[in-house]
Amino acid sequence: MSRKPLVVGNWKMNGSRAANAVLLAGLKEAGPWAAEVAVCVPFPYIAETALALTGLSVAYGSQDCSAHESGAYTGEVSSAMLADLGCRYAIVGHSERRAYHHESDQLVADKAKAALAHGVTPIVCVGETLAEREAGQAETVVRRQLAAVVHTLTHCIGEIVLAYEPVWAIGTGRTATPADAQAIHAVLRMQLHAATKKGDAIRILYGGSVKPDNAAELFAQADIDGGLIGGASLKAADFAAICAAANRRAAS
Ligand code: PEP
């Protein structure tokens, strides 16, 4: 089964209109790529990012979305609004939201459902903490997080992108070894297989301190279909190099 590699930049709460213009111009110069490439930017910058990417094959999206349709939810952004702005993707369940905003597995699943209802593809993040890994619970935790999404989306589960992001590897400079990452990806792939006949077609990204010098080895693993990139997505040259590493997988 050939899955088109996908590399997604997660800018987190970084950027300014001026800095974004430089970064996006850098990407414009570096592309195009055989892999699919997207940037998930802070809400206020979505519209301007859309304009800057006009005519390019780089997609864009958000870093979260509301589980609600519309109404009295001050500060939230609905997936209908994201669709209105042309977003292809919305990250949901990033570990920073699970940790700092106490998002439960079920809330993450509800957000994924809301995104899909408006044609926005959720990039569902799962991952264990260091304590959970050291306690031998990595598989149990990611399987539990994915199970909520499988249960909620039922026959639509084939429409998601999944991202395995071990919490201890995010922004720390510590990366899972390619073999360790592949082992969890294989577990997640089996779980998707059990849930849907389309399990083989679902892309599973790896995220956690992916850099130009480790991307190729990670992307060479059988079940790693690209990356969710935080820090390194803020430098056009680094992000472009990671996209090029995914290009090689696309070509192989
Ligand atoms: C992320 O925030 O999704 C991430 C993977 O961050 P970093 O690449 O900086 O570890």
Side-chain angles (χ1 to χ4, degrees), residues 5-15 19-20 23 26-27 35-43 45 49 58-65 87-101 103 108 111-112 115 121-130 132-133 138 141-142 145-146 149 160-178 180-182 184-185 188 203-219 221 223-246:
L6 170 62
V7 180
V8 180
N10 172 15
W11 291 4
K12 310 196 188 198
M13 197 173 71
N14 292 296
N20 302 346
L23 177 51
L27 293 188
E36 187 183 343
V37 174
V39 289
C40 286
V41 310
F43 291 129
Y45 297 133
T49 297
V58 177
Y60 57 90
S62 67
Q63 300 167 15
D64 186 29
C65 71
C87 287
R88 186 176 303 167
Y89 294 107
I91 296 172
V92 296
H94 191 281
S95 62
E96 287 150 16
R97 295 212 59 88
R98 291 180 190 261
Y100 308 145
H101 300 272
E103 293 195 3
V108 172
K111 288 183 173 196
T121 300
I123 300 173
V124 178
C125 300
V126 298
E128 81 286 358
T129 63
L130 186 57
E132 289 164 339
R133 172 155 283 258
V141 169
V142 297
Q145 292 171 335
L146 178 56
V149 182
I160 72 166
V161 169
L162 186 59
Y164 169 55
E165 297 209 306
V167 179
W168 47 272
I170 296 179
T172 59
R174 279 184 71 175
T175 321
T177 65
D180 282 347
Q182 165 58 28
I184 297 287
H185 280 235
L188 294 169
R203 290 177 292 187
I204 310 179
L205 313 182
Y206 171 78
S209 297
V210 178
K211 306 283 181 229
D213 59 359
N214 61 19
E217 211 187 339
L218 286 160
F219 298 164
Q221 303 302 307
D223 289 294
I224 299 184
D225 306 312
L228 182 53
I229 317 300
S233 72
L234 298 174
K235 279 193 197 150
D238 286 358
F239 190 59
I242 293 168
C243 296

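Indexing begins at 1, ligand by ligand and atom by atom, following the structure's order.
Considering backbone and side-chain N/O atoms, G207 never comes within less than 3.5 Å of an N/O atom of ligand 1. Any N or O atom pair closer than 3.5 Å counts here, and E96 shares no such pair with ligand 1. Taking distance alone, with nitrogen or oxygen atoms compared against 3.5 Å, G231 approaches ligand 1 more closely than that limit. Any N or O atom pair closer than 3.5 Å counts here, and L228 shares no such pair with ligand 1.
Every atom of ligand 1 is numbered from 1 in the order shown, and the set under 4.0 Å from a heavy atom of N10 is 1 (C), 2 (O), 3 (O). Listed by number with element, the atoms of ligand 1 under 4.0 angstrom from any heavy atom of K12 are 1 (C), 2 (O), 6 (O). For ligand 1 and G171, the ligand atoms under 4.0 Å from any heavy atom of the residue are 7 (P), 9 (O), 10 (O). For ligand 1, the atoms lying closer than 4.0 Å to a non-hydrogen atom of A169 are 10 (O). Near E165, meaning under 4.0 Å from any of its heavy atoms, are these atoms of ligand 1: 1 (C), 3 (O), 4 (C), 5 (C).
Using a 4.0 angstrom heavy-atom cutoff, G208 counts as in contact with ligand 1.
Residue C125 does not touch ligand 1, judged by heavy-atom distances below 4.0 Å. Both the backbone and the side chain of I170 come within 4.0 Å of ligand 1, counting heavy atoms alone.
No more than 12 heavy-atom neighbours from other residues, nucleotides or ligands sit within 6.0 angstrom of CD on E217.
The existence of a salt bridge linking R98 and E165 is excluded, since no basic side-chain nitrogen approaches an acidic carboxylate oxygen closer than 4.0 Å.
Nearest protein heavy-atom contact of atom 8 (O) of ligand 1 is G230 N, 2.8 Å.
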